[in-house]
Amino acid sequence: MHRDLQLRFLRTMLRIRRVEERCIAFAETGEIRAHYHLYIGQEAAGTGASAALAPDDYVFTTHRNHGHVIAKGGDPGKVLAEIIGRSGGYLGGRGGTFHVAAPELGIPHTSAIVGGSLPIAAGVAFAVRRRKGQRATLAFFGDGTMEEGVFYETLNLAQLWRLPLVFFMENNSVSAAERAGRGSPTSEHAAKALSDVPRAFGVETATVDGTDVEAVFALVRRLLERVRSGEGPFFVESRTTRWPGNYGAFPKLVGGTTDIAWALDAASAPDGVRAWTMESDPVIAYAAKLLWHGAIDAAALRAIDAEVRGEVDRAARFALESPLPQAEALAGVG
Ligand SMILES: Cc1ncc(C[n+]2csc(CCOP(=O)(O)OP(=O)(O)O)c2C)c(N)n1
Ligand SMILES: [Mg+2]
């Protein structure tokens, strides 16, 4: 893989990580006043899949949208401003953390209703096909969506109508059942393997390690070529392991902010995140891989991290200095 692309992957994943670490700081200072969800641990999935998309392809996303928007090229300042409800955000601060849609990036809609974006994504894919367009649609959703009826209707119609749509299911080992304390490590679902379900509808399905950015990119790029030649839809199951900070009701920076030096020695990560850092952290794993293959050295890695941290500091300042929306702005975009 080309080194420029590898460095772009690393920067994008780090950008998502640093923005979301900032979200926790914003929650502590009261800038985020209600519930919010972080994408930490899933950065490679969003980054790899989005890098395979053309700039004007469509993305649909969920309550866990921050990383998807940044991966599609979102400006961290506008993302953070939207998250804290300021006028400089993508939707003028009216969407907030659950709804960081960015129509100019091809992200027309997010939904905090589990499964809520899926039928709209299928509708957009249908419209593109009717107009004989080339734009593909990729819908990110969680494993919990497969417990919702709308998933089955959408999958069925997408397959019957051969829609140019990639169903990108992020199985992050976090589901409603587990949140409710019933202890199941994956979705409360009767299927032995979630990827058996789309196969039963005749939809070609692939499972990918969602912590491996290059594997996700290569898979989605292949699928998109086929989507554009009318072979869709496709279903991807991206598997990740839950970040330890996502065990409580609110995200918590277990182990503090990510220290890029963990890429040199993952065992030096603090107790609460050591095992996860060593086995499942997509950002640290990728930095370690690039070091191992000689694509970067330790000094270059520190420099990239410092650059990204500087960028996110400026983004956070932009968000904080951005005024609250005016009441009149509630009625329309802007
Ligand atoms: C229709 C609906 N039911 C319940 C909820 C409450 N809820 C919010 S997130 C969530 C779990 C979603 O799990 P999953 O789709 O796997 O996404 P994850 O949070 O793991 O990324 C639930 C049940 C909701 N938002 N919408
Ligand atoms: Mg989940």
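In each ligand, atom 1 is the first atom listed, and ligand 1 is the first ligand listed.
- Not one N, O or S atom of Ser173 sits under 2.8 Å from the Mg ion (ligand 2).
- Among heteroatoms of the N, O or S kind in Asp143, OD1 lies nearest the Mg ion (ligand 2).
- In the vicinity of Thr145, heavy-atom distances shorter than 4.0 Å reach the ligand 1 atoms 15 (O).
- Side-chain contact annotation: Glu20 with Tyr36, donor-acceptor N/O pair under 3.5 Å absent.
- Residue Arg64 has at least one N or O atom closer than 3.5 Å to an N or O atom of ligand 1.
- As a member of the Ile/Leu/Val/Met/Phe/Trp/Tyr network built from side-chain separations under 4.5 Å, Val128 groups with Tyr58, Phe60, Ile120, Val124.
- Comparing Thr62, Val114, Ile113 against atom 5 (C) of ligand 1, the shortest heavy-atom distance belongs to Val114.
- For the 3.5 Å distance criterion, the side chains of His66 and Thr97 qualify, holding a donor opposite an acceptor.
- Here His63 has side-chain heavy atoms under 4.0 Å from ligand 1, and that is the only part of it that gets that close.
- Taking any N or O of Asp143, backbone or side chain, at least one lies under 3.5 Å from an N or O belonging to ligand 1.
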Handout entry: Verdict with reasoning, Phe9 to Phe217, per ring-ring contact (aromatic ring centres under 6.0 Å, His included)
Key = CA-CA 10 Å; Phe9 288 163; Phe217 172 73; 5.4 Å; yes
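- At a cut-off of 3.5 Å, with distance as the only test, no side-chain donor of His189 or Glu147 sits close to an acceptor on the other residue.
- Within the 2.8 Å limit, Glu170 places no N, O or S atom next to the Mg ion (ligand 2).
- The option with the heavy atom closest to atom 16 (O) of ligand 1, from among Ser111, Gly144, Gly116, is Gly144.
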Exercise for the section: Check step by step if side-chain contact (heavy atoms from CB on, under 4.5 Å) holds for Val254 and Trp276. Expected result: CA-CA 11 Å; Val254 181; Trp276 184 82; over 6 Å; no
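- Using modelled atom types, one finds no donor on one side chain facing an acceptor on the other under 3.5 Å when comparing Ser173 with Arg242.
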